[in-house]
Amino acid sequence: MAKMNFGGVEENVVTREEFPLDKAREILKDETIAIIGYGVQGPGQALNLRDNGFNVIVGQRSPSDSYDKAVADGFVPGETLFSIEEAAEKGTIIQYLLSDAAQIAVWSRIKPHLTAGKALYFSHGFGITYKERTGIIPPEDVDVILAAPKGSGTSLRRLFLAGKGLNSSYAIFQDATGRAKERVVALGIGIGSGYLFETTFKKEVYSDLTGERGTLMGAIQGLFAAQYEILRKKGHSPSEAFNETVEEATESLYPLIAENGMDWMYANCSTTAQRGALDWWKKFRDATAPVFEELYDSVAAGEEAQRSIDSNSQPDYRKRLESELDELRNSEMWRAGKAVRSLRPQNKG
């Protein structure tokens with residue numbers, strides 16, 4: 001494990017150099033990794049592990065679109081593709097990659113197969129951190145571990161195929177075998193992580209729920225909508241408002257921030273843009289900081305988790321979700337976005 005300095009603070013990280021793939025394969029050579037769920041994270045992790053030479057099977061409900069996708073991805077029914085219960089029984093490491101709501105619903109079918117010495121693996125700390133609410137309480141004689149890629153399963157797979165990696169956090173909730181750490185690090189390397197940084201189940205879910213509701217999705221949509229609506233109100237066309245709000249950010253500036261950092265981007269834009277950004281960023285910080293404080297407190301109190309559990313358990317949840325997504329999809333801003341994307345040179349016939 002290496003010590004790395006992040007902004008003056010030292011953290012424990014694991015890199016591919018100090019923990020190469022061959023070492024991960026050796027540690028897990030006798031393990032059968034059962035991927036339970038083939039929806040969001042399942043395909044990326046399963047395929048990366050399989051391509052990296054690990055023994056991978058999939059457990060997925062049939063019939064379902066996800067089952068069909070697993071077949072299309074080369075998992076063979078009766079050989080490497082099974083029912084959820086069969087895969088859980090066969091696996092020595094059970095990667096529990098169903099949605100949070102599905103984890104709660106399926107738990108009673110998984111728990112009987114968690115026999116002594118197995119490992120229960122998560123990519124999100126929700127089920128364990130809020131175990132009093134979810135009912136997901138593992139037996140004491142199994143390892144309970146987490147490797148959480150910092151992005152979607154789709155991104156994990158795309159970066160893997162491009163020879164890159166998506167950074168992941170890792171955590172140990174329960175070490176029953178004395179091998180929990182080597183198991184979770186080997187799995188983190190196996191799924192294609194760029195590097196692994198240490199956390200806890202609780203910190204992972206607190207930061208994840210805050211990020212999803214904040215700058216990763218909720219806050220960014222709110223900022224986009226506010227700026228777009230002001231520009232339209234002031235007489236700018238939908239095309240101009242969308243390009244200045246979203247397209248320039250996602251297609252030009254955000255990739256530069258990812259490559260070189262915000263300071264580099266500031267130093268390499270016009271002096272007018274530079275001056276304005278430097279003058280205004282603290283005002284936006286100060287305006288939004290109370291909202292983030294409220295958000296984090298809501299996460300820490302379990303209110304966000306309970307809201308998610310309650311809403312996902314409603315019989316009309318999917319219908320209501322689609323209605324809310326339709327509101328976004330059919331808003332003028334995102335209809336303008338669809339038109340703008342269709343005009344990108346690479347999208348033309």
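For the single chain, residues carry numbers from 1 onward in sequence order. Excluded from the calculations below are hydrogen atoms, water molecules and symmetry mates; all remaining heavy atoms, backbone and side chain alike, are included.
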State whether K29 and E26 are salt-bridged, where the test is any N-O pair (Lys NZ or Arg NE/NH1/NH2 against Asp/Glu carboxylate O) under 4.0 Å.
yes
Answer yes when K118 and E89 have at least one side-chain N-carboxylate O distance shorter than 4.0 Å, and no when they do not.
no
Spatial distance of atom CG (N12) from atom CD (E198) [nearest 0.5 Å]
4.5 Å
Among residues at least two apart in sequence or on other chains, which ones pass side-chain hydrogen bond (donor to acceptor under 3.5 Å, both in side chains) with [X]?
| X | value |
| --- | --- |
| T250 | none |
| T288 | none |
| W107 | none |
| E229 | none |

Please verify the inter-ring angle class for H124 with F126; under 30° counts as parallel, over 60° as perpendicular, anything in between as tilted.
tilted
Only pairs at least two apart or in different chains count here, so list each side chain to side chain donor-acceptor pair (under 3.5 Å) that has a residue in residues 54-66.
T32-N55, Q60-S64
Under the side chain to side chain donor-acceptor pair (under 3.5 Å) rule, what pairs show up with a residue in residues 257-277, not counting sequence neighbours?
R275-D279
According to a hydrophobic-cluster definition based on side-chain heavy atoms being under 4.5 Å apart (Ile, Leu, Val, Met, Phe, Trp, Tyr only), do I191 and I189 belong together?
yes
If hydrophobic clusters are built from ILVMFWY residues whose side chains come within less than 4.5 Å, do F122 and F54 share one?
no
Return the set of residues passing salt bridge (Lys or Arg N to Asp or Glu O under 4.0 Å) with [X] (not counting sequence neighbours), or none when no residue passes.
| X | answer |
| --- | --- |
| E18 | none |
| E251 | R344 |
| D51 | R157 |
| R307 | E304 |

Residues two or more places apart in sequence or in another chain: which of them pass side-chain contact (heavy atoms from CB on, under 4.5 Å) with A180?
D143, I145, I172, D175
Measure the shortest side-chain to side-chain distance between [X] and [Y] over non-hydrogen atoms and say whether it is less than 4.5 angstrom.
| X | Y | result |
| --- | --- | --- |
| T199 | S207 | no |
| V56 | T80 | no |
| Y228 | L223 | no |
| M333 | L328 | no |

Tell me every residue that passes ring pair (Phe, Tyr, Trp, His ring centres under 6.0 Å) with Y121, counting only those two or more places apart in sequence or in another chain.
none
With a cut-off of under 6.0 Å to the ring centre and 45° to the axis, is K69 in cation-pi contact with Y38?
no
Between S152 and S155 (side chain of the first, backbone of the second, donor and acceptor by atom type, cut-off under 3.5 Å), is there such a pair?
yes
Apply salt bridge (Lys or Arg N to Asp or Glu O under 4.0 Å) to the pair R179 and E31, showing each step before the final yes or no.
CA-CA 12 Å; R179 297 183 55 233; E31 305 269 19; 3.3 Å; yes
Distance alone, cut at 3.5 Å: any donor-acceptor contact between the side chains of E327 and W334?
no
